[in-house]
S.K.: 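Starting off with a structure, shown below.
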Amino acid sequence: MKEKIALPGDLIVRQDLWNDSPCSHCDNTPCCSNLPLAPFRLESQSDFIDLLLLSTYSDIFPGLKRSGEWTIYLQRKCRFLQPEDGKCTIHTQPHQSLICKSYDAHNCWYTDAFSPKSYSTMIPFNTSMLIWMEKEYELIKNRFDRIPAWDDLCRDAFEFRKGTIELPTEQSTLLNERKLSFKKSRSDEYLFFQPYQRPENIKHFELMSFRLGFPGVSLAVSDTTWSYIVKTGQNGAFMNLIRDEYYPGLNHKDGCCSFDGIEKRHKPFSEAGDLWVIIERNDLPLLKSLTLYDDAGHIRKLPATGTLLQALDKGKPDKAA
């Protein structure tokens with residue numbers, strides 16, 4: 001399922017000064033701590049196994065909205081967020097993404113979606129909750145046709161999570177490479193998300209600026225495919241939970257944990273040639289300067305990876321691999 005870029009037409013700046021903004025007294029800064037990375041379609045047993053395995057990666061979790069839409073999230077605090085008071089260190093500054101500047105903080109979707117008191121707008125799932133949901137509602141047996149009423153699912157999921165012990169997460173180091181071979185991209189150290197629609201106009205770089213502000217998130221670029229990449233790793237406690245509590249009772253064709261689905265769906269290295277070029281947030285001005293636009297700001301031509309890598313290595317020779 002390829003992600004489509006959907007941004008407001010004008011991205012109108014609607015920020016208050018910090019002291020006047022609802023963000024200044026937000027308790028848990030959910031919009032700056034939960035990054036939506038990719039949509040996910042759940043329609044089959046294979047899809048469910050992929051979703052379950054995705055949930056075993058540190059800081060990665062799937063969320064289900066009332067509409068039935070699944071989204072994969074990264075739970076990490078934005079690097080520009082001050083941990084002691086939740087203040088954005090680049091609030092209203094020129095290099096803050098327009099995604100943030102145009103967000104209506106007075107009607108914040110995240111506040112309801114990530115409420116610690118109940119589920120109503122979205123249900124954030126962990127590995128244990130996914131196993132519970134599939135067993136409770138027999139999703140695979142019923143071919144995903146048996147969908148519980150939303151309010152009932154919210155109530156039951158919230159009560160189930162309250163009664164479980166949160167498994168410890170495992171800290172992972174961050175990506176620090178300029179180039180990444182496809183052979184290495186098969187490593188479980190990196191999680192690639194499905195091919196991302198390449199930018200079509202200059203405003204689409206604002207979404208990249210927003211996402212690359214989160215630690216461990218990079219943009220992997222080839223001449224044919226762009227993909228977001230997260231430096232993470234599988235959590236052994238989550239994997240053991242699947243092996244011990246779920247797989248013994250599942251009639252799965254492999255009879256064991258298989259990552260073929262995740263590799264096919266989330267690691268699009270086979271489409272892109274020989275090499276990914278890794279783009280960080282500080283590299284975006286260079287990427288934009290090497291891109292050709294028409295008078296209306298629509299992109300006419302993106303730089304070839306060879307040109308991009310040469311320019312990056314010239315600017316930062318210490319990071320060239």
S.K.: Cluster partners of Y110, using ILVMFWY side-chain heavy atoms under 4.5 angstrom, listed by chain and number?
M.R.: F61, Y73, Y103, W109, F114, M122
S.K.: Quick one: hydrophobic cluster around I90, which other residues, with the 4.5 Å side-chain cut-off, linked directly or via members?
M.R.: F80
S.K.: Going by side-chain hydrogen bond (donor to acceptor under 3.5 Å, both in side chains), name the residues that satisfy it together with Q82, two or more places apart in sequence or in a different chain.
M.R.: D85
S.K.: Would you check if Y137 and N142 make a side-chain contact, meaning some heavy-atom pair closer than 4.5 Å?
M.R.: no
S.K.: Just to verify, what does K301 make a salt bridge (charged side-chain N to carboxylate O under 4.0 Å, His left out) with, not counting sequence neighbours?
M.R.: none
S.K.: Scan residues 101-127 for pairs that pass salt bridge (charged side-chain N to carboxylate O under 4.0 Å, His left out), counting only residues two or more places apart or in two chains.
M.R.: none
S.K.: For the residue pair N19 / S24, report whether a side-chain donor-acceptor contact shorter than 3.5 Å exists.
M.R.: no
S.K.: Mind checking what makes side-chain hydrogen bond (donor to acceptor under 3.5 Å, both in side chains) contact with S97, not counting sequence neighbours?
M.R.: none
S.K.: Taking the basic N atoms (NZ, or NE/NH1/NH2) and the acidic carboxylate oxygens, is any pair closer than 4.0 Å for D59 and R76?
M.R.: yes
S.K.: With sequence neighbours excluded, what pairs up with R79 under the salt bridge (charged side-chain N to carboxylate O under 4.0 Å, His left out) test?
M.R.: none
S.K.: Side-chain polar contacts of residues 28-40 - donor-acceptor pairs under 3.5 angstrom, sequence neighbours left out - could you list them?
M.R.:
{"residue": "T29", "atom": "OG1", "partner": "S33", "partner atom": "OG", "Å": "3.3"}
{"residue": "S33", "atom": "OG", "partner": "T29", "partner atom": "O", "Å": "2.8"}
{"residue": "S33", "atom": "OG", "partner": "K77", "partner atom": "NZ", "Å": "3.4"}
{"residue": "N34", "atom": "OD1", "partner": "Q75", "partner atom": "NE2", "Å": "3.3"}
{"residue": "N34", "atom": "ND2", "partner": "P30", "partner atom": "O", "Å": "3.0"}

S.K.: Output all residues satisfying ring pair (Phe, Tyr, Trp, His ring centres under 6.0 Å) with Y293, sequence neighbours left out; order by chain, then residue number.
M.R.: none
S.K.: Return the set of residues passing salt bridge (charged side-chain N to carboxylate O under 4.0 Å, His left out) with E69 (not counting sequence neighbours), or none when no residue passes.
M.R.: K65
S.K.: How about S102 and E206: do any of their side-chain heavy atoms sit closer than 4.5 Å?
M.R.: no
S.K.: Can you find a heavy atom in the side chain of N126 that is under 4.5 Å from one in the side chain of W132?
M.R.: no
S.K.: Applying side chain to side chain donor-acceptor pair (under 3.5 Å), run through Y119 and D156 and close with a yes or a no.
M.R.: CA-CA 9 Å; Y119 297 150; D156 294 346; over 6 Å; no
S.K.: Does the pair K162/E159 count as a salt bridge with the N-to-O cut at 4.0 Å?
M.R.: yes
S.K.: Apply salt bridge (charged side-chain N to carboxylate O under 4.0 Å, His left out) to D151 and list each qualifying residue two or more places apart in sequence or on a separate chain.
M.R.: R66
S.K.: Identify, with sequence neighbours excluded, every residue that meets ring pair (Phe, Tyr, Trp, His ring centres under 6.0 Å) alongside W150.
M.R.: none
